[in-house]
Structure formats: C-alpha cells, structure tokens
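In what follows, a structure is listed as structure tokens, so that the remarks can point back to it.
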Amino acid sequence: DTEVTQTPKHLVMGMTNKKSLKCEQHMGHRAMYWYKQKAKKPPELMFVYSYEKLSINESVPSRFSPECPNSSLLNLHLHALQPEDSALYLCASSQGGNQPQHFGDGTRLSIL
Amino acid sequence: AQKVTQAQTEISVVEKEDVTLDCVYETRDTTYYLFWYKQPPSGELVFLIRRNSFDEQNEISGRYSWNFQKSTSSFNFTITASQVVDSAVYFCALSEAAGRRALTFGSGTRLQVQP
C-alpha cells in the first residue's frame with residue numbers, strides 16, 4: 001500500500017462534466033505535486049504546492065484547477081476536458097527541496 | 001536546461017540474468033540530485049534511490065546496485081539475478097539543487113523478465 005492515497009482510481013467523464021481528483025498524505029510532507037502521464041511516456045509535472053501555496057504551474061490549461069485545502073490534501077478540479085486529457089494522473093508528496101517524492105497509485109482518467 | 005536520456009526503450013531477459021539499465025544526464029549545475037523510480041503495471045512510481053552530485057560512491061541494496069560516474073554523466077542501475085517481479089518500467093530522473101527543483105524524467109526503460 002502506498003502512503004499517498006488517490007481517489008478515484010478510475011474516472012470516465014464527458015467533455016462537459018465537472019469532476020475532482022483527490023490526493024491525501026499523512027507523512028507530514030510540505031510539498032505536493034500533480035503529474036500527468038500518457039501511455040508509454042514519463043510523468044509530466046503539472047503543479048507543485050509548497051506549504052499549501054502554488055509554487056509551480058507548468059503552463060497547464062485552465063480547465064485543470066488545483067487546490068490545496070490543507071497540508072495533507074491536494075485536489076485537482078476538472079472542467080470541460082478534451083479527449084487528449086485522457087491519461088494517468090499521479091499525485092506525489094515530499095519533504096520538499098530535493099527529497100524523494102512519494103507517489104500515489106494514480107487516477108486513470110478517460111474523457112469521452 | 002537539464003536532460004535525462006535512457007536510450008534503452010525495452011529490455012527482455014530471462015529470470016536470474018543480470019541486467020543493467022543505462023541513464024545519461026545533462027545539467028549545467030554543479031549540485032544536483034539523481035533518482036531512480038520503478039513503475040510496475042499497477043501504476044504507482046516507487047522510489048528506489050537518490051544520489052547527490054558530490055557522492056560518487058556506488059551503492060548496493062540487495063540485488064540492486066547503482067554506478068554513478070560524473071566523468072561520463074551516467075547513473076546506471078544493475079539488477080542482479082533478475083526476477084519476474086522486477087518487470088516494470090524504470091525511470092531515471094534529475095533535479096537541480098536550486099531553482100525549480102522539479103524532477104526531469106528520462107523516457108523510461110521497460111524491463112521484461114521472462115520466467
């Protein structure tokens with residue numbers, strides 16, 4: 001079992017739907033991350049939160065909206081997604097800096 | 001700009017064979033960190049090792065060993081006596097000590113260990 005929990009594990013949604021991905025960690029980590037991973041590709045960084053503040057946004061389209069309600073939770077709100085947004089979305093946390101990132105199992109997202 | 005190259009797209013071995021996964025990196029920083037992650041079919045990335053640029057000692061952990069050579073900008077990973085459970089995609093990654101400190105991943109090497 002991973003120490004970073006992501007829900008749901010699978011999500012199918014239409015292009016007009018609004019949904020949210022959730023991520024939770026109880027390791028006391030101060031940095032949390034969202035990655036997008038397409039099949040047979042490495043993870044691509046989307047957002048980084050440090051001490052609950054957004055520190056990196058990799059020019060992600062506004063149809064993806066991150067939120068960090070507290071130090072243990074990270075959400076990714078989805079709205080009006082496109083079929084090319086279908087991917088595995090991975091959440092990670094770390095102590096920050098260059099400490100190892102610990103990943104969740106991911107949410108497999110399919111856009112119809 | 002930093003870059004990580006894993007030239008081996010896919011490797012297939014028979015159980016108990018030794019296998020080495022190559023990783024070559026580029027960075028302008030003198031201080032940086034290198035990582036290896038394993039991604040089994042279930043999807044999660046499992047952290048294996050972190051190495052900083054000032055520590056060139058090789059490391060061994062059970063059947064796993066890592067060879068860091070700054071002179072050739074390489075950080076190779078060897079699995080001794082491979083097992084079916086080692087089948088996964090392995091990613092090498094780099095982060096710089098300052099600035100964004102975000103992970104730059106290589107393209108990954110898919111390892112298939114046949115029984």
Side-chain angles (χ1 to χ4, degrees), chain A residues 1-11 21 23-25 27 29-51 54-60 87-110, chain B residues 1-10 21 23 25 27 29-55 59 61 66 75 88-112:
Chain A
D1 289 340
T2 61
E3 297 173 350
V4 176
T5 303
Q6 290 187 242
T7 56
K9 293 200 182 301
H10 301 273
L11 179 61
L21 308 185
C23 175
E24 188 169 4
Q25 59 90 11
M27 294 179 282
H29 288 169
R30 61 187 192 185
M32 295 186 78
Y33 311 78
W34 280 116
Y35 289 85
K36 173 183 177 180
Q37 186 178 25
K38 301 285 277 184
K40 298 190 177 182
K41 296 289 187 182
E44 298 173 11
L45 183 66
M46 299 175 72
F47 303 104
V48 180
Y49 273 83
S50 180
Y51 290 104
L54 185 64
S55 60
I56 295 178
N57 176 343
E58 291 288 271
S59 302
V60 178
L88 178 68
Y89 288 83
L90 291 160
C91 173
S93 70
S94 79
Q95 292 285 10
N98 299 106
Q99 294 301 313
Q101 294 179 25
H102 297 263
F103 287 79
D105 291 344
T107 294
R108 294 191 185 275
L109 176 65
S110 296
Chain B
Q2 52 189 5
K3 183 179 178 183
V4 177
T5 301
Q6 295 179 254
Q8 304 151 309
T9 305
E10 188 159 345
L21 310 182
C23 173
Y25 62 91
T27 178
D29 277 20
T30 56
T31 304
Y32 51 88
Y33 294 82
L34 295 163
F35 302 79
W36 275 96
Y37 283 87
K38 172 183 180 180
Q39 187 173 37
S42 51
E44 84 278 14
L45 274 86
V46 178
F47 165 72
L48 296 178
I49 189 171
R50 182 186 77 149
R51 184 55 101 212
N52 75 54
S53 53
F54 296 109
D55 183 1
E59 178 150 345
S61 176
W66 290 269
F75 187 43
V89 179
Y90 291 86
F91 290 100
C92 181
L94 166 72
S95 70
E96 291 163 343
R100 293 175 66 249
R101 299 181 182 180
L103 284 173
T104 297
F105 284 92
S107 55
T109 297
R110 180 176 299 276
L111 175 65
Q112 299 260 25

Measuring heavy-atom distances to chain B, does [X] have an atom under 4.5 Å in its side chain, in its backbone, in both, or in neither?
X	value
A:Gln101	both
A:Tyr33	neither
A:Gln99	both

Would you mind checking which part of B:Ser95 comes under 4.5 Å of any heavy atom in chain A, side chain (CB onward), backbone (N, CA, C, O), both or neither?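 Contact with chain A: backbone and side chain both.
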Max heavy-atom pair count under 4.5 Å with chain B, selected residue of A:Glu44, A:Lys40, A:Glu58, A:Lys41: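 Of the candidates given, the most pairs with chain B belong to A:Glu58.
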Quick check: do [X] and [Y] have side-chain heavy atoms less than 4.5 Å from each other?
X	Y	result
B:Ser42	A:Asp105	no
A:Gln6	B:Glu44	no
B:Leu103	A:Leu45	no

Can a donor-acceptor pair be found, under 3.5 Å and without considering hydrogens, that links the side chain of A:Asn98 to the backbone of B:Glu96?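 A pair under 3.5 Å: yes.
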Nearest heavy-atom neighbours spanning [X] and [Y]:
X	Y	answer
B:Phe105	A:Pro43	CD1-O, 3.7 Å
B:Phe91	A:Gln37	CZ-NE2, 3.6 Å
A:Pro42	B:Gly106	CB-O, 3.2 Å
B:Gly43	A:Leu88	O-CD2, 4.0 Å

Gap separating the NE2 atom of A:His102 from the OH atom of B:Tyr37, nearest 0.5 angstrom: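 Answer for the NE2-OH pair, A:His102 versus B:Tyr37, is 7.0 Å.
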Taking atom NZ of A:Lys38 as the centre, report whether more than 12 heavy atoms of other residues, nucleotides or ligands fall under 6.0 Å from it.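 Yes, because the 6.0 Å sphere around NZ of A:Lys38 holds more than 12 heavy atoms from other groups.
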